[in-house]
J.: 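My questions will all concern the structure given below.
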Amino acid sequence: SYHFRSRKRTRNTVMTQLDLFQNQTTQKISESLETAIIGISEGASDEKRMGLDFLERLKQQLQDGELIITKPIPNYRG
């Protein structure tokens, strides 16, 4: 979580910080998906199982509302 020291920060600053966090999170998920795909398609049985486990956890997080996929508004300047 982020802690802001100043209440004078603008909405654009907050949105930029959230975008950076979202981009980092999206990158991590993307890398994990890539690893899962490789594991499932090319890996040994334990790597296939790990890939499937990741996908099952991702599906469960989406169903439980722990992970929400949003589409950012292009060129949004608030």
Side-chain angles (χ1 to χ4, degrees):
S1 68
Y2 289 96
H3 298 281
F4 299 109
R5 293 182 184 174
S6 171
R7 292 185 183 265
K8 294 181 181 179
R9 293 187 186 248
T10 65
R11 183 173 183 204
N12 287 339
T13 301
V14 173
M15 292 303 295
T16 300
Q17 289 175 344
L18 291 175
D19 287 343
L20 289 173
F21 175 75
Q22 185 178 33
N23 290 340
Q24 291 170 349
T25 302
T26 300
Q27 182 65 32
K28 288 178 185 178
I29 292 171
S30 177
E31 290 169 1
S32 295
L33 285 169
E34 183 177 357
T35 300
I37 291 167
I38 292 169
I40 292 168
S41 62
E42 301 174 8
S45 61
D46 61 330
E47 293 167 321
K48 290 178 190 293
R49 183 73 245 158
M50 288 185 340
L52 289 172
D53 287 345
F54 171 76
L55 294 176
E56 288 170 355
R57 282 193 315 274
L58 186 66
K59 177 184 170 233
Q60 191 63 50
Q61 288 176 328
L62 286 167
Q63 289 175 334
D64 294 345
E66 294 173 16
L67 180 64
I68 299 170
I69 298 174
T70 62
K71 180 179 178 186
I73 301 169
N75 301 317
Y76 178 75
R77 296 189 183 261

J.: Between side-chain atoms of residues 62-69 and protein atoms elsewhere (two or more places apart, or another chain), which donor-acceptor pairs fall under 3.5 Å?
T.:
unit_1: D64; atom_1: OD1; unit_2: Q60; atom_2: NE2; d: 2.9
unit_1: D64; atom_1: OD2; unit_2: Q60; atom_2: NE2; d: 3.2

J.: In this structure, would L55 and I29 fall into the same cluster of hydrophobic residues linked by side-chain contacts under 4.5 Å?
T.: yes
J.: Check salt bridge (Lys or Arg N to Asp or Glu O under 4.0 Å) between E42 and all other residues, then give those that pass, not counting sequence neighbours.
T.: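 Salt bridge (Lys or Arg N to Asp or Glu O under 4.0 Å) check on E42 returns nothing, list empty.
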J.: With a 4.5 Å heavy-atom cut-off, do E56 and D53 have their side chains touching?
T.: yes
J.: Who are the side-chain contact (heavy atoms from CB on, under 4.5 Å) partners of L52, not counting sequence neighbours?
T.: I40, R49
J.: So, using side chain to side chain donor-acceptor pair (under 3.5 Å) as the criterion, who are the partners of E31 when residues are at least two apart?
T.: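 Result, side chain to side chain donor-acceptor pair (under 3.5 Å) vs E31: Q27.
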J.: Looking at F54 and L33, what are the two nearest heavy atoms and their distance?
T.: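 Shortest heavy-atom contact: CE2-CD2, 3.6 Å.
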